[in-house]
**Q** 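One structure is given below, represented as structure tokens, and several questions about it will come after.
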Amino acid sequence: MKRRIPALALALALLLSGCAAQAAPAEGPRRFEASFLTLFDTVTTIVGYGETEEDFRQTAQQLHDELLEYHQLFDIYHDYDGVNNLKTVNDNAGGPPVEVDPRLIGLLLFCRELEQLTGGRVDVTMGSVLSLWHEARSNGVDDPEHATLPDGGALEEAARHAGFGLLEIDEEASTLRLTDPQARLDVGAVAKGYAVEQVCRAAPPGLLVSVGGNVRATGPKPTGEPWVVGIQEPDGEKQDYLHTLYLSDRSVVSSGDYQRYYTVDGIRYHHIIDPDTLAPSRLWRAVTVVCPDSGLADGLSTALFLLPQKEGERLAQDCGAQALWVALDGTLSYTDGFQAAIRT
């Protein structure tokens with residue numbers, strides 16, 4: 001099986017070859033696109049309009065540099081000179097508090113609220129469980145003939161080392177501490193969307209930013225027209241869409257079983273783990289969420305993927321979000337307000 005780029009939940013018709021100007025009207029701002037492969041292990045694309053390519057390049061580079069700082073802070077796999085990131089916190093589990101950037105404190109406060117909001121469906125303290133699945137999936141992708149599942153006993157033991165009660169957050173001192181030596185943090189369900197939201201709040205209007213399919217519009221195009229974003233067909237090619245949506249000042253995020261997975265004995269195991277079963281959820285093929293906040297949309301797309309539809313509808317309504325569900329048989333279901341955003 002070929003390795004797929006992770007989390008490309010939304011396929012966008014964008015250039016992926018640096019920064020380039022598109023064909024443009026004789027008058028008015030021109031359309032530009034930039035893409036990067038250095039952020040969150042996926043493709044980042046920025047689209048916008050400007051009078052000159054140089055101005056757009058400066059804007060795109062600034063957004064990239066800000067996102068890169070979040071990427072390094074939220075990384076659980078790599079060290080960076082002069083940066084105490086989540087890997088640093090994990091490596092010091094059971095030890096003294098670790099002084100961190102306030103932005104990391106902000107992320108984990110948001111994650112704590114999200115865990116409560118979703119009834120534990122999105123829990124970034126389950127890193128010990130997720131690491132077992134990550135290792136099994138990586139080995140299975142690299143060596144499909146010898147792919148195996150994580151040991152059930154090991155998963156149950158790892159789950160005993162999860163819970164926000166094991167994480168001490170000191171806002172005043174800007175420190176984090178995992179009290180259990182075997183506890184681990186993994187913010188993969190939230191990190192990209194949260195980072196995109198923080199950066200886009202201060203970004204110029206009229207941009208479309210996509211980090212691995214976590215899409216955020218900072219306003220309509222200069223003409224006042226909305227952007228058009230495609231929702232990928234789970235079994236289709238990159239440009240096969242279930243729908244295209246209008247987007248002006250909102251975020252669109254999808255979670256699905258087709259993004260990161262491997263196969264054991266002919267059965268596909270994806271990366272979205274149900275905290276109750278400690279195994280990949282089997283309720284849906286994909287869920288797409290539309291709401292103003294990209295971090296919330298990212299977390300909700302995971303939560304709704306793990307919930308029955310009625311519970312997911314209530315959660316979406318409580319959060320002011322709209323959602324689309326793709327059932328295992330391909331049937332589509334929507335919240336009442338989702339279809340208002342559909343273009344095709």
Side-chain angles (χ1 to χ4, degrees), residues 7-13 110 113-119 121-122 189-190 192-198 200-201 205 207-221 224-234 236 240-259 272 281 283-344:
L8 267 179
L10 299 174
L12 300 178
F110 174 78
E113 294 179 0
L114 192 62
E115 190 272 341
Q116 296 171 354
L117 181 68
T118 64
R121 287 300 185 274
V122 180
V190 182
K192 293 191 296 297
Y194 183 88
V196 168
E197 181 63 26
Q198 302 313 302
C200 284
R201 287 179 180 178
L207 297 175
L208 187 69
V209 180
S210 171
V211 179
N214 290 256
V215 181
R216 172 72 148 82
T218 66
K221 301 174 185 178
E225 297 176 303
W227 298 95
V228 177
V229 176
I231 302 175
Q232 187 174 336
E233 160 64 51
D240 292 336
Y241 302 144
L242 291 172
H243 288 296
T244 58
L245 304 180
Y246 286 122
L247 200 68
S248 290
D249 57 357
R250 292 178 174 267
S251 301
V252 183
V253 181
S254 291
S255 292
D257 66 2
Y258 56 92
Q259 297 168 8
I272 306 175
S281 174
L283 290 176
W284 307 103
R285 294 297 318 281
V287 174
T288 296
V289 171
V290 178
C291 75
D293 187 300
S294 180
L296 181 59
D298 203 0
L300 285 178
S301 69
T302 297
L304 269 58
F305 189 90
L306 297 172
L307 288 170
Q309 186 173 339
K310 292 300 182 183
E311 294 181 39
E313 287 175 350
R314 287 194 294 270
L315 178 58
Q317 182 178 13
D318 290 344
C319 296
Q322 303 298 332
L324 158 68
W325 289 264
V326 183
L328 299 181
D329 64 0
T331 302
L332 304 183
S333 302
Y334 313 81
T335 54
D336 292 341
F338 189 92
Q339 296 190 48
I342 294 177
R343 174 178 178 265
T344 58

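Along the sequence shown, residues carry numbers from 1.
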**Q** Nearest 0.5 Å, what's the CH2-CZ distance between Trp227 and Arg216?
**A** 13.5 Å
**Q** Where do Leu117 and Leu315 land on the side-chain contact (heavy atoms from CB on, under 4.5 Å) test, with the steps shown first?
**A** CA-CA 8 Å; Leu117 181 68; Leu315 178 58; 4.0 Å; yes
**Q** Which residues satisfy the side-chain contact (heavy atoms from CB on, under 4.5 Å) test with Ala195, sequence neighbours excluded?
**A** Phe40, Leu67, Tyr70, Phe74
**Q** Any heavy-atom pair between the side chains of Asp257 and Ile272 that's under 4.5 Å?
**A** no
**Q** Tyr334: what forms a ring-ring contact (aromatic ring centres under 6.0 Å, His included) with it, not counting sequence neighbours?
**A** His243, Phe338
**Q** Of all the heavy-atom pairs spanning Tyr258 and Ala286, show the shortest one and how long it is.
**A** CE2-CB, 3.8 Å
**Q** For Arg250, what residues pass the salt bridge (Lys or Arg N to Asp or Glu O under 4.0 Å) criterion, not counting sequence neighbours?
**A** none
**Q** Let me confirm one number: the OG1-CD distance from Thr118 to Glu113, rounded to the nearest 0.5 Å.
**A** 11.5 Å
**Q** Sorted by first residue and then second, give each salt bridge (charged side-chain N to carboxylate O under 4.0 Å, His left out) pair with at least one member in residues 332-344; sequence neighbours left out.
**A** none
**Q** Partners of Ala327 by side-chain contact (heavy atoms from CB on, under 4.5 Å), sequence neighbours excluded?
**A** Trp284, Asp329, Thr331
**Q** Pro226: which residues meet the side-chain contact (heavy atoms from CB on, under 4.5 Å) condition with it, sequence neighbours left out?
**A** Tyr246, Ser248
**Q** Is any side-chain heavy atom of Leu300 less than 4.5 Å from a side-chain heavy atom of Cys319?
**A** yes
**Q** If you take all heavy atoms of Val209 and Cys200, which pair is closest and at what distance?
**A** CG2-SG, 3.8 Å
**Q** Report yes if some heavy atom in the side chain of Gln232 is under 4.5 Å from a heavy atom in the side chain of Ser254; otherwise report no.
**A** no
**Q** Once rounded to the nearest 0.5 Å, what's the spacing between atom CG of Leu328 and atom CZ of Arg285?
**A** 7.5 Å
**Q** Go through the structure and list residues passing side chain to side chain donor-acceptor pair (under 3.5 Å) with Thr335, not counting sequence neighbours.
**A** Gln322
**Q** Quick one: do Ile342 and Leu245 satisfy side-chain contact (heavy atoms from CB on, under 4.5 Å)? Show the steps, please.
**A** CA-CA 4 Å; Ile342 294 177; Leu245 304 180; 3.8 Å; yes
**Q** With a 3.5 Å distance limit and no angle check, can you tell me whether Thr218 reaches the backbone of Leu207 through a side-chain donor-acceptor pair?
**A** yes
**Q** Kindly give the heavy-atom pair with the smallest separation between Ala297 and Val253, and that separation in Å.
**A** CB-CG2, 3.8 Å
**Q** Does CD belonging to Gln317 count more than 12 external heavy atoms closer than 6.0 Å?
**A** no
**Q** Mind checking salt bridge (Lys or Arg N to Asp or Glu O under 4.0 Å) for Asp293 and listing every partner two or more places apart, or none if nothing turns up?
**A** Arg201
**Q** What's the shortest heavy-atom distance between Val289 and Ala321, and which atoms?
**A** CG1-CB, 4.0 Å
**Q** Pairs under 3.5 angstrom only: tabulate donor-acceptor contacts from the side chains of residues 301-309 to other protein residues two or more places apart or in another chain.
**A**
{"from": "Ser301", "atom 1": "OG", "to": "Ser255", "atom 2": "OG", "distance (Å)": "2.8"}
{"from": "Ser301", "atom 1": "OG", "to": "Asp298", "atom 2": "O", "distance (Å)": "2.8"}
{"from": "Gln309", "atom 1": "NE2", "to": "Glu313", "atom 2": "OE2", "distance (Å)": "2.9"}

**Q** For Val326, run the side chain to side chain contact (heavy atoms under 4.5 Å, CB included) check against Leu332, Ile231, Val287, Thr288 and tell me which one passes.
**A** Leu332
**Q** State, to 0.1 Å, how close Val190 and Gly299 come at their nearest heavy-atom pair, and which atoms those are.
**A** CG2-CA, 4.5 Å
